[in-house]
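Letters A, B, ... are given to chains in the order of the sequence lines, protein chains preceding strands, and every chain is numbered from 1. The structure presented is a predicted model; accordingly, all values stated were derived computationally and were not measured.
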Amino acid sequence: MSPSDLGAIWLTLKLACVTTALLLLIGTPIAWWLARSDSFWKGPVGAVVALPIVLPPTVIGFYLLVAMGPNGPVGQFTQALGLGVLPFTFAGLVVASVFYSLPFVVQPLQNAFEAIGERPLEVAATLRASPLDAFFSVALPLARPGYLTATVLGFAHTVGEFGVVLMIGGNIPDETRVVSVQIYDHVEAMDYAQAHWLAAGMLVFSFLVLLALYTLNPSGRRR
Amino acid sequence: MSGIRARFKLDYPGFSLDVDLHLPGVGVTTLFGHSGSGKTTLLRCVAGLRHVAGGELVVNGEVWQDADTCLPPHRRSIGYVFQEASLFPHLDIRRNLEYGLKRVPEARRRVGLEHAIELLGIGHLLKRKPDSLSGGERQRVGIARALVVSPDILLMDEPLAALDLARKQEILPYLERLHDDLEIPVLYVSHAPDEVARLADHLVVLERGKVVASGGLTETLARLDLPIRLGEDAGVVLDGEVAEIDADWHLARVRVGLPESHPGGPVNLWVRDSGHPVGHRARVRILARDVSVALDRHDDSSILNTLSATVVEVAEDSHPALSLVRMDVAGAPLVARLTRRSVSGLGLLPGKLVWAQIKAVALIG
């Protein structure tokens, strides 16, 4: 494997780790709210979160590119903060990945929170636990299977993305050139042997991740 | 300022709750009613699990809810026992018990963990997970968990309803010990007359969200406008104590009603000896259908308990053939369910002196 292949693998893992961590942080309150709210906005918010499942990655990539570009609202904001513009940087790739993988984290968490129901939290309240206390001491532990699913799916989906990366990140070595892009490059260059190494690696990795998920978490439901 | 004042008003299509209650700050108060009567809703309002705007709740002088304040449930000094034990599945029994305990400041702890474990007989379960326990064991843990937060009031929402008869019999003695051991007032929701008879000191009868009766157990059960709602379970409950054991015949004499010194004399009832010693506080239950009335005393009958009584009130029962007759036996109330023909034939009117023949007396605790 060439140094550029190793660089791509390292970058991919870094991107997936950062993205997954951010997704769990952002996804938890969104999923909690979606699971427990009766608000009118529950429908629209749920639909927006689920969009990446149905949209072609290029569409998401395109609008993110426009929004984060020098003239886009996000771009204006990041420039005002002195951060420059995000497209074609690692940070931009993280932002795009978070959007793209959001439903794969939010939905398992939402299902897990819904499965817990109202009762354990009521019990916690009658045992003097404040709502925040009850969330950490009861809801989080009971939603653990959901967190496992969310983490694995979020991580794996980020590793497997291609279209959004190409739109937002381009193809800059050690900055935005992840494994899927590297494979594409090898194939473009008719370098099938190199492509095989990475592609087979991805295949094995994905299989092992899903195998682990289904073994550790057989039903995906609460015990 | 002992006691509980609760005022809640809720109005939904198909369901309403409109109560204004003063309840004693000691003993067991049962909220009795059929499903849909609003008894659980009332309990949830007291716990703060259900918020009713404009409600009012004062517990032992402490305002939990009024026009300006409404404490969230975790700030109210309650213990709550749910119908299903609702133990935390991710914690073992000990950590379930400690969950609430840890969150109560040490200065406010009055019920020790060891005491609660001993009281409910769950010492051998501490290392187990909730899903390995039987329904009865789980509910005992649920009760202990609610006790160790040292609540000012214990709220119990049909804690026995989800259990079969054997499990109920397993738990009832623990509830009675609770009643005798701790000075925590209890609000106990139930639709089972036998639980009420066994546990209650004070009875609140709810119907379609409204209070139809509230008072001491003996007086309230003897009201003739309520037995209709109890159906076959209509009857009275009398408190007394075991006065004598007849070892030869395996019988116990239970003294109820007025004290021995009173000219009316005490009321003596012979019941099956259940092993309680002389002096034991005993509660007996006499169903209206087990009481018959005669104008003369018959000593040539199989009935052991024949008491001199005065008719106080005669009322219609649910069936047009039946009447309910309330009598006074030396200060203790007694209710008989008789046919209207008998009532008319014997000329039973208030003030009439009769002999009440009691076919069955159940000693309940």
Legend entry - Heavy atoms from other residues, nucleotides or ligands near NE2 of B/His191 exceed 12 (cutoff 6.0 Å): no
Inset, instruction - Look at atom CZ of B/Phe15 and say whether more than 12 heavy atoms of other residues, nucleotides or ligands are closer to it than 6.0 Å. - result: yes
Legend entry - Residue A/Trp32 excluded, over 12 heavy atoms near CH2 under 6.0 Å: yes
Legend entry - Greatest number of heavy atom pairs closer than 4.5 Å to chain A - which of B/Gly79, B/Ser77, B/Ala146: B/Ser77
Legend entry - Over 12 non-hydrogen atoms of neighbours within 6.0 angstrom of CZ in B/Arg177: yes
Legend entry - B/Arg44 versus A/Glu122, closest heavy-atom pair with distance: NH2-OE2, 2.7 Å
Legend entry - Most contacts with chain A, counted as non-hydrogen pairs under 4.5 angstrom, among B/Arg76, B/Lys102, B/Arg145: B/Arg145
Inset, instruction - Could you go through the side-chain contact (heavy atoms from CB on, under 4.5 Å) check for B/His90 and A/Arg144 one step at a time? - result: CA-CA 10 Å; B/His90 61 297; A/Arg144 214 173 64 178; over 6 Å; no
Inset, instruction - Might you confirm whether atom CG of A/Asp174 has over 12 heavy atoms from other residues, nucleotides or ligands at distances under 6.0 Å? - result: no
Legend entry - Heavy-atom neighbours of A/Tyr184 OH exceed 12 at 6.0 Å: no
Inset, instruction - State which residue, out of B/Arg103, B/Arg75, B/His74, fulfils the side chain to side chain contact (heavy atoms under 4.5 Å, CB included) condition with A/Ser130. - result: B/His74
Inset, instruction - Using heavy atoms and a sub-4.5 Å threshold, report which of residues 92-100 of chain A line up against chain B, by residue number. - result: none
Inset, instruction - Sequence neighbours left out, what passes side-chain contact (heavy atoms from CB on, under 4.5 Å) with B/Pro24? Give chain and number order. - result: B/Thr29, B/His202
Inset, instruction - Applying ring-ring contact (aromatic ring centres under 6.0 Å, His included), name anything that partners A/Tyr147, two or more places apart in sequence or on another chain. - result: none
Inset, instruction - Locate the shortest heavy-atom distance separating A/Ala124 from B/Tyr99; write the atom from each residue and the value. - result: CB-OH, 3.6 Å
Legend entry - B/Arg109 CZ: over 12 foreign heavy atoms closer than 6.0 Å: yes
Inset, instruction - Heavy-atom distances under 4.5 Å only: say whether B/Val104 touches chain A with side chain, backbone, both or neither. - result: side chain
Legend entry - Neighbours of chain B found in residues 50-58 of chain A - heavy atoms under 4.5 Å: none
